[in-house]
Structure formats: C-alpha cells, structure tokens
Amino acid sequence: MHQDEAGNTGTTHTSGKGVIGVVGAGTMGVGIAQCLAEAGHQVVAVDPEESALATAPARLRDGIRLARMVRKAPAAVPMDRALAAVAWTPRLEDLAGARFVVDCAPERIPLKERLFRDLDQVCPPGAVLATGTSAIPVERLAARTRRPERVLGLHFMNPAPMKEAVEVVRGPRTSDATLAAALALLADLGKQGIVVADGPGFVSNRVLMLTVNEAATVVQQGTADPATVDRIFEQCFGHTMGPLATGDLIGLDTIVDTLYVLLECTGDERFHPCEELRRLVTAGHHGRKTGRGFHRYGGPRSGVPRGR
C-alpha cells in the first residue's frame, strides 16, 4: 500500500525491512515516519482525524526538505522514494502486517490503554509495540496486551529527525529480544538509544516537566519575564534552549497533558499545571505550532521567536 502526493492509496512492494506502523499523524508521528522512510523503511501511518491525514503528506515533504537543508550526511533514499514509502490511513486494521509499531497518539491514559488493547488484537503476535508516551509507565500499557514482553517505550525528542538520541524505556516484562530489536531499529535510523527503567516520566520528563512548570510559575508570580527566564538557563548554565522555549517547542498543550499524567501516576502535587500554563493552553497559545506560547514566533509552526 502507498500514497501519492495527493494522498491517494494504492499498492506497492514493501521493503525487505518489513512494514513499520506509526499511530498518530501529529508533529511527532510525522517526524518519526520521516525518520523511518528516509532510512528505507516502508511505513503505514494511522490517524483517525481527517484533518491530520489531509495535511500529513505536505508536512512530511516540508520536514524532508528542511532535514536535507541542514543535515550534513546524505539521506539513505531519494526524496520521492521517501515520500512514497509512507501510506496514510484512518484504519488501525491496516497495521495487520506491521512487524513494529510506534505509538504517537495523544498523551491521555485511557486513549493509550485502548490503543494498546486494539493494537494487540490487530498486529501479528510477533510484532513489537513501542509507545512514544511522554510519561505513562510502559507496564501500564503493556498490561493491556497479551504480549507484555514485546512492549517498551521509545521516547523520541522533538523534532525527531534532528535529534540523535532516543530515551528507550524497558518495562519490567520487556524481553531482551524486544530491547535488542528496538536498539537495532534506532541504529538503522542513525540514532542512539539510551536505556532507562520504567517509571512515570522516566528520566527526561520526570525532571523536565517540573522544570517547565516551575519556570512558568516564576513568570506567573512576576519574578521575571519569559525571555529573562530562558536567558538565565542559556547564559548562566549553558543550556542550548531555556525551559520555556523548550515548552513552546514541545507544545504547551502536550506539556499540560503530560503534567496531568504525572500527577495521576505519582500523586505528587508538584506536577499540577500552574495557572499560567493552563491559561495559555486555554487561549490556544500552544507554542511554535500555533505561533505563540511563552514567546511569539514568525507564524504557526515557525521556529523564529520575535519577542513576547
């Protein structure tokens, strides 16, 4: 199965690497699909939202163009071949032939629990089911399947095509073979897997979400404006990007969803999203993807800040 640039579905020969599924055609889903397609994999990307599917091929093309402008090493396959390698579909049943699936669905516990139950029904018994969750414990999702030994976390960072490392979360029942398969796939994408144990938020978001929430609280309390907060981290600590700019890059809606997951999974009130974060999200200011978050940008999905 393949799609042309207009989004029409047809049939094509799969690569010798087998089909890899991606669930979710948002920013992360399209980014991971790009990584896979540019490495020569055949991809089936699923999203039930028509609006996401309608814009996904164009977003994939834009992502490939950008990556080829800034990347030093040449891509493994030509651009037209990478575009043709991704099929877009609203049907989860189209993953019936996938050997590996990466979940990029929204960060909501009931939704992801249902998804893993359904993937377990649809996918071949030997398929690996990887979750890209930001914070939900892997074991909680693995428990919804009959193959917990084949479930693990692959926490890609945004933007996925530009980041060389992936946080790999080994659940308590993840097998050695599953971990090895995931690390081999990442190596094939030119990425390094950093393995951590399971737990709410793992390492990255257990720390980062608190930092973003506290940085937003500093702004809320009037201690400093967003530009000053980020400047402290960039110039005093040598961070490439401050916590509020990082939140804008991730998406403030995703930040709030992740904080609520951490609050539910840990019971720690420090993870309750502060008023400033909730205010921005309610107003539709989600960060770079909307053109405004803690900072303003050149336009929706622009990466160029231009002050608050």
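The analysis underlying the following values was restricted to heavy atoms, covering all of them including side chains, and did not include hydrogens, waters or symmetry mates. Because the structure is a prediction, the values reported are computed rather than measured.
Follow the hydrophobic side-chain contacts under 4.5 Å out from V281 and you reach L210 in the same cluster.
In this structure, F237 and H239 have tilted ring planes: the angle between them lies in the 30° to 60° band.
Side-chain contact check for T89 and D94: at least one donor-acceptor pair (N or O, by modelled atom type) lies under 3.5 Å. Checking T133 against E107 by side-chain atom types alone, a donor-acceptor pair falls below 3.5 Å.
Separation of atoms CD (E214) and CD (Q221) is listed at 8.0 Å; rounding is to 0.5 Å. Atoms OH and NZ, on Y297 and K289 in that order, are 12.5 Å from each other to the nearest 0.5 Å. Here the OH atom belonging to Y260 is positioned 5.0 Å from the CZ atom belonging to R278, to the nearest 0.5 angstrom.
Evaluation of the side chain to side chain donor-acceptor pair (under 3.5 Å) test over residues 178-187, restricted to residues two or more places apart or in two chains, returns S175-T178.
Annotation: E275, atom CD; neighbour count of heavy atoms from other residues, nucleotides and ligands within 6.0 Å does not exceed 12.
The residues E276 and R279 are annotated as salt-bridged, a charged nitrogen and a carboxylate oxygen being separated by less than 4.0 angstrom. Look at D176 and R170 and you find a salt bridge, because one of the NZ, NE, NH1 or NH2 atoms lies within 4.0 Å of a carboxylate O, short of that distance.
Taking the side chain as every heavy atom from C-beta outward, L83 and L60 approach each other to under 4.5 Å. Using a 4.5 Å cut-off on side-chain heavy atoms (C-beta onward), L185 and L36 make contact. At least one side-chain heavy atom of L119 sits under 4.5 Å from a side-chain heavy atom of V23. Taking the side chain as every heavy atom from C-beta outward, L66 and M162 approach each other to under 4.5 Å. For the pair F100 and H41, the minimum side-chain heavy-atom distance is 4.5 Å or more. With contacts defined as side-chain heavy-atom distances shorter than 4.5 Å, the pair D198/T174 does not qualify.
Each of V261, L263, L262 was scored for a side chain to side chain contact (heavy atoms under 4.5 Å, CB included) with P200, with one residue passing: L262. When each of I194, N205, V196, V168 is paired with H155, the side chain to side chain contact (heavy atoms under 4.5 Å, CB included) condition holds for N205 and for no other.
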